Trainee: 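Input: one structure, supplied below.
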There are 2 protein chains.
Amino acid sequence: MKKPMNAKELVQLFKKSEHLFLPNISVDSVIFGYEQGQLQVLLLQVDENTWMLPGGYVYKTESVDEAAHRNIYERIALKNTFLKQYAVFGGVDRDFKLKLKNMFQQFGHDGSEELWIQQRFVSIGYYALVDKAKTYPKPNLFAKACAWHNVYELPKLLLDHKKIILKALASFRTDLEHNPIGYHLLSTKFTMPELHQVFESVHDKQMDRSRFQKKMFGYAVFERLERKEGVAHRRPYYYRHGK
Amino acid sequence: MKKPMNAKELVQLFKKSEHLFLPNISVDSVIFGYEQGQLQVLLLQVDENTWMLPGGYVYKTESVDEAAHRNIYERIALKNTFLKQYAVFGGVDRDFKLKLKNMFQQFGHDGSEELWIQQRFVSIGYYALVDKAKTYPKPNLFAKACAWHNVYELPKLLLDHKKIILKALASFRTDLEHNPIGYHLLSTKFTMPELHQVFESVHDKQMDRSRFQKKMFGYAVFERLERKEGVAHRRPYYYRHGK
DNA sequence: CCAAAAGTGTTCTCGGTACACCCATGT
DNA sequence: ACATGGGTGTACCGAGAACACTTTTGG
């Protein structure tokens, strides 16, 4: 665990950056990863038992999509991940003055100063699919940790972030029924059994092996490579996306 | 045709309202209507041969959804229409200083003053489905007219509004394949042949009558009412949504 | 009684579902 | 050799697609 900034520094930083960003607009990124049969989400720890989604603001010189990509890059050091804008959270209840004030007080800020990030935000929701093995998660300035969590056993989350994650998962599932995008969670080379398990983890239910394989071949986007070596039992083929 | 406001009044109005809205966020509404086999979109006329989408800004006291509903109400005097948020247009190219300056100059404004609406906007795209017969379209303060246009024969459009309409149509079509929402374009009571033609207009292609009817019944959301009276040939049943 | 619209039925195909069968490999 | 995992094949079912048949009405 890394020691976060103190309140004074944080307040300075926010003040200095205010004019660079579009006000009232934020980006929330639900970064999905996968490991050993488990669908996971990347979260930032804000206090002992509370976590939050990675997210950020939009520079006046960049598009909203670019802001999401940049934000993800800052968290896991990966560029050009699969990214999809899936919802907008624009309720008036997304005014978190009080909650954020409490959070800042915890850092030692007296709360007397109104910061621009305490305004109401319209948040653009994105979900990303990444190969966890290629990531280097790191906390931001005010987080204690940055870690992967099982999607089906989420910890206590800040504000409405639980709703945002669940809606991202729902969108991901819907998309996955018509597109084989699940492969983005694996490395470039993968086997059908691996991909099969990814799909089962996302949908959280069993799916017939045979049918799955036929469906994947039906998309005609996977190229069969050599067989996997040195494993017990019959050796599965490797596949990769592309042609 | 109604005479629009002059430039001075307009500038005053915009200045006065600035602090009420969330800056940099706008809402674009693609309002779909239907009449006699034609899918239509409501547009506002900004000059002799240029049209634009209805749209507006978000009050600090309302949600983005509410802003869209209010905006649509202001244009066609209908509340609680079917409404769906389908995309976000967040490119940096959505900074229309020059184009809007020209537009204002046309109204007589010298363009020396920078107005807040000339900033870059992140636009939240909504599409609405309405029963055209229940609408009373009216232009806003700077439009010459407000009228329905065939979706497949669009006039010259402002900025990136054509792209926004086409993407709305694509979303509507996708949604229509899994939901019978097309009925929102008709009056409360409608016949299957009418609904059938709505679907054909939206998809812009023929669809077998028999299959269509079976699919609609499959949703089990339409209630069969009395037969339509006083028409030639066999009289079709009326249906309505609900139970 | 006939043309045209509306409602319903028949057939074919294809993709989802379940399951069976065969292949290959390390223990 | 055999248990286990991996690849492929078969039979069934339901939805989509194309088309045929029947009913009903005004002229």
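What's counted below: heavy atoms across the whole structure, side chains too, no hydrogens, waters or symmetry copies. Quick caveat, the model's predicted, so the values are computed rather than measured. Below, chain A is the first sequence line, B the second, and so on; all start at residue 1.
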Trainee: Can you check the A:D208 CG to D:dC13 P distance for me, whole Å?
Mentor: 17 Å

Trainee: Can A:R173 and A:E177 be counted as an ion pair, charged N to O under 4.0 angstrom?
Mentor: no

Trainee: Select one nucleotide: of D:dG7, D:dT4, C:dT8, the one nearest the side-chain heavy atoms of A:H233.
Mentor: D:dT4

Trainee: Taking the side chain from B:Y34 and the backbone from B:G37, do they hold a donor-acceptor pair closer than 3.5 Å?
Mentor: yes

Trainee: If you pin A:E177 and B:Y238 to their nearest nucleotides in DNA chain C, which one's is more 5'?
Mentor: B:Y238

Trainee: Do B:E74 and B:R70 meet the salt-bridge criterion of a basic N to acidic O distance under 4.0 Å?
Mentor: yes

Trainee: Can you tell me the distance, in whole Å, between the CD atom of B:E226 and the P atom of C:dA6?
Mentor: 16 Å

Trainee: Check every strand shown and say whether B:R209 touches a base, only sugar-phosphate, or nothing at a heavy-atom separation below 4.0 Å.
Mentor: base

Trainee: Can you tell me if B:R235 touches the phosphate of D:dT24, counting only side-chain N or O atoms and a distance under 4.0 Å to OP1 or OP2?
Mentor: no

Trainee: Considering only residues two or more places apart or on different chains, which pairs with a residue in residues 147-156 of chain B satisfy salt bridge (Lys or Arg N to Asp or Glu O under 4.0 Å)?
Mentor: none

Trainee: Below 4.0 angstrom, which residues in residues 187-200 of chain B have at least one non-hydrogen atom near DNA chain C?
Mentor: B:P193

Trainee: Measure from NZ on B:K228 to C1' on D:dG26 and round the result to the nearest Å.
Mentor: 15 Å

Trainee: Assign the ring pair A:F172 / A:Y127 to parallel, tilted or perpendicular, where the plane angle (0 to 90°) is split at 30° and 60°.
Mentor: tilted

Trainee: Report the distance from atom OH of A:Y219 to atom P of C:dG15, rounded to the nearest whole Å.
Mentor: 12 Å

Trainee: As an exercise, state the distance from OG1 of B:T174 to NE2 of A:H178, rounded to the nearest 0.5 Å.
Mentor: 9.5 Å

Trainee: Where the side chain of B:R234 is concerned, which of C:dA5, D:dG5, D:dA20 is the nearest nucleotide?
Mentor: C:dA5

Trainee: Nearest whole Å is fine: how far is D:dC21 C1' from B:Q213 CD?
Mentor: 15 Å

Trainee: Closest approach to the side chain of B:R227, judged atom by atom: which nucleotide of D:dC19, D:dG7, C:dG7 is it?
Mentor: C:dG7

Trainee: Picking from D:dC19, C:dG16, C:dG7, which would you name as closest to the side chain of B:R224?
Mentor: C:dG7

Trainee: In whole angstrom, give the distance that lies between atom OH of A:Y237 and atom C1' of C:dA24.
Mentor: 11 Å

Trainee: To the nearest Å, give me how far apart NZ (A:K214) and P (D:dA11) are.
Mentor: 12 Å

Trainee: A:F222 CZ to D:dG7 P: how many Å, rounded?
Mentor: 14 Å

Trainee: Mind checking side chain to side chain contact (heavy atoms under 4.5 Å, CB included) for B:N179 and listing every partner two or more places apart, or none if nothing turns up?
Mentor: B:I181

